[in-house]
Amino acid sequence: MTDQASFRQGLLDPAQPAPENLLDGAAAPAGKRYDVYRNNVTHSLIEAMKAAFPLIHKLIGAQNFSTVATEYVRTHPPRSPVMMFYGTEFPGFLPNFPPLAHIGYLADAARLDLALRQSYHAADTAAFDPAPLQTLSPDALMDARVSLAPATRLIASNWPLYDIWAFNNLTNAQKPQSLAQDVMITRPGFDPAPHALPPGAFQWLTALADGSSFGQAHDFALNKNPNFDLAVGLSLALSTHAFAKIDHKELK
Amino acid sequence: MLDTPPRLDRLPNTPGVGYKPQHFNDLMADPGSVEWIEVHAENYMGDGGRPLAQLAALSERFAISVHGVGLSIGGETPLDLDHLARLKRLCDWIKPASFSEHLAWSTHGAEFMNDLLPLPYTEATLDRVCDHINQVQDVLGRQMILENPSSYLVFAESTLSETDFLDEVTHRTNCGLLLDVNNVFVSSTNLSVSPQTYLDSYPMHRVGEFHVGGHDEDTDDHGAPLLIDSHAAPVTDPVWTLLDMALAKTGPMPVLVEWDTDVPDWSVLKAEAAHAALALTK
């Protein structure tokens, strides 16, 4: 008998022998025929990782990527048949993979790849209507709340994360400078795009996403970063379609 | 979720293609002989975005076949109910003309292996597969069709032939069958049996769809041919010949051309579909 637990054991562990009782057409031991499954499983998972983490692939090159992805898929096989979300543990895995641990920004770069993919598959939403921002009194506006669009993602980083992405994806992008850069991903149509966040905007948007009013979020952001500029943050959020809907009792 | 597209009841007896997003514009502009498409269910389980929008647009124009690759119908562990619920959501929304899955397993416990893994053909496997198919058909509220695998090896404990196994499954569950002709060729070559014998013992009256696709060639430890079901190449002549033989037994059927790896330009896939169209006129 070959149960599925024993068949599975060798699939991601080349040191394991092939299970017993597997035969070829002439009833001889199946030998390397079992390896077809090993190869299919490992190769398909590495290909899925390659499609999922294009920025990491660019940053470390094909050979390094193949090495780290092989180790990752063997130790972190998928836990769902929905492969579009495979790799959620990769950002946490990278700093603990000794050959690449010295590249400090890789984990955040992997978070960016992951967030781009989540944004790509997020729910659609109608375009944000900014009209209430003009009709509400300044006081009422401070009481209003917004919801972020389902495709909006926020990533805090101590690295020049946006510049790293841009340098590897846009022509004529400047070389990343030594600075910390938070990133927001938005998806106005079907294509997610990263944006560098100005000082304090990450905290402001995170507070809004958590249900704080404009006033509360403004205070929170200023508290965290005295350089936060509401006009700059709001203008970026509106021009990139970061918001889904504004909510205030005067708008009902 | 997007608006519900119109319902199409049955796949037409014409060529279809495995849908690849990079072909969207070309396929919509110039489908050639293609009247229906097949999509892998798991690629349309996000909440929105381009994949679902494309599928909605395609369903306005083509009949849709939803082809699951992750249900693990042959799994020893229970079916993943969350996954079954996702499948139901997709089928309730897109109302496909056909839903198909594989005689294989891919999930063990919580782990998904992303491959179609083989089963011993025993009474115990038969009971399990039939229970799972009944469960799927109950949840989806529709008949499903079951695809024969590509085999690279056999299990010492098997007591039934694959064709007897499939025949019994259809009797116990009233499911239909998807006959992958390339898989028949790959398995027969790999296990040194005749593909004609397979077709002769296969329950053709249960077939609702054919698949053809390309394979790669390798050899085993003894230098014997070992074909790999790669879907990375054109359909070979012996597979087209087998399709002719199968169609001679069934009459016209929906015939799908699969090409999943190293996907070529639309013109190449369109030509493969035209080849299938020719086979359907013989």
Side-chain angles (χ1 to χ4, degrees), chain A residues 1-9 11-12 18-48 73 76-86 117-125 150-151 187 189-192, chain B residues 1-2 41-43 45-54 68-72 74-77 80 82-83 86 105-120 122 150-158 188-193 218-222 224 226 228-229 261:
Chain A
M1 266 274 299
T2 309
D3 61 14
Q4 291 176 355
S6 55
F7 196 95
R8 183 260 170 267
Q9 250 178 352
L11 289 175
L12 287 169
E20 290 177 9
N21 296 325
L22 302 179
L23 307 174
D24 69 11
K32 78 181 251 194
R33 289 160 176 262
Y34 176 75
D35 295 346
V36 175
Y37 298 103
R38 285 199 225 250
N39 292 343
N40 282 352
V41 170
T42 311
H43 180 75
S44 77
L45 293 180
I46 291 171
E47 284 299 304
V73 306
H76 298 72
R79 302 187 75 78
S80 162
V82 185
M83 289 295 294
M84 64 178 70
F85 300 126
Y86 180 48
R117 197 149 38 99
Q118 290 165 345
S119 176
Y120 184 76
H121 291 291
D124 303 317
T125 185
R187 198 192 84 197
F190 292 133
D191 295 305
Chain B
M1 258 313 164
L2 300 143
E42 285 70 16
N43 292 340
M45 290 182 174
D47 291 326
R50 182 176 282 117
L52 297 189
Q54 284 193 344
V69 296
L71 202 47
S72 197
E76 284 170 2
T77 47
D80 177 344
D82 291 338
H83 196 59
R86 286 189 287 263
W105 65 282
S106 48
T107 295
H108 187 72
E111 292 177 347
F112 175 69
M113 290 290 110
N114 202 33
D115 192 25
L116 300 167
L117 299 167
L119 292 165
T122 63
S150 274
S151 297
Y152 307 106
L153 49 77
V154 294
F155 291 80
E157 67 259 40
S158 285
S188 301
T189 305
N190 290 345
L191 303 176
S192 311
V193 297
D218 200 352
T219 53
D220 75 358
D221 297 305
H222 311 292
L226 185 61
I228 312 291
D229 180 31
T261 306

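Each chain gets a letter, A, B and so on, in the order the sequences are listed, and its residues count up from 1.
No part of T189(B) comes within reach of chain A, as not one of its non-hydrogen atoms sits under 4.5 angstrom from that chain. The parts of L153(B) that come within reach of chain A are both its backbone and its side chain, each placing non-hydrogen atoms under 4.5 angstrom from that chain. Contacts of A151(A) with chain B are absent, with no heavy-atom separation under 4.5 Å from either backbone or side chain. For chain A, no part of L71(B) is nearby; none of its heavy atoms comes within less than 4.5 Å. Using a 4.5 Å cut-off between heavy atoms, D218(B) touches chain A through its side chain atoms alone. Proximity to chain A (any heavy atom under 4.5 Å) is shown, for D221(B), by both the backbone and the side chain. In this structure, the portions of A30(A) lying under 4.5 Å from any heavy atom of chain B include both its backbone and its side chain. Both the backbone and the side chain of L22(A) have a heavy atom closer than 4.5 Å to some heavy atom of chain B.
Counting heavy-atom pairs closer than 4.5 Å to chain B, the top residue among Y120(A), Y86(A), Y37(A) is Y37(A). Heavy-atom pairs under 4.5 Å with chain A were tallied for A110(B), G68(B), S192(B); the largest tally goes to A110(B). Between chain A and the residues A41(B), S72(B), A224(B), G75(B), the largest count of heavy-atom pairs under 4.5 Å involves G75(B). Interface remark: of the candidates D24(A), L23(A), L11(A), T125(A), L23(A) forms the most heavy-atom pairs closer than 4.5 Å to chain B.
Here W105(B) contributes atom CH2 and L117(B) contributes atom CG; the two are 5.0 Å apart, rounded to the nearest 0.5 Å. To the nearest 0.5 angstrom, M84(A) atom CE is 9.0 Å from E42(B) atom CD. With rounding to the nearest 0.5 angstrom, the CG atom of D115(B) is 6.0 Å from the OG atom of S44(A).
Ring centroids of H108(B) and F7(A) are separated by 6.0 Å or more, keeping the two rings apart.
Nearest heavy-atom pair, G48(B) versus R187(A), reported as atom, atom and distance to 0.1 Å: C-NH1, 4.5 Å.
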TODO: Just do the side chain to side chain contact (heavy atoms under 4.5 Å, CB included) check on V36(A) and L226(B) with the steps written out, would you?
DONE: CA-CA 9 Å; V36(A) 175; L226(B) 185 61; 3.8 Å; yes
TODO: Start with the C-alpha distance between R38(A) and D35(A), add both sets of side-chain angles, then the distance that settles salt bridge (Lys or Arg N to Asp or Glu O under 4.0 Å), and finish with yes or no.
DONE: CA-CA 5 Å; R38(A) 285 199 225 250; D35(A) 295 346; 3.0 Å; yes
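Applying the side-chain contact (heavy atoms from CB on, under 4.5 Å) criterion to L12(A), with sequence neighbours excluded, gives R8(A), V41(A), T42(A), L45(A), V73(A), R74(A), P77(A), M113(B).
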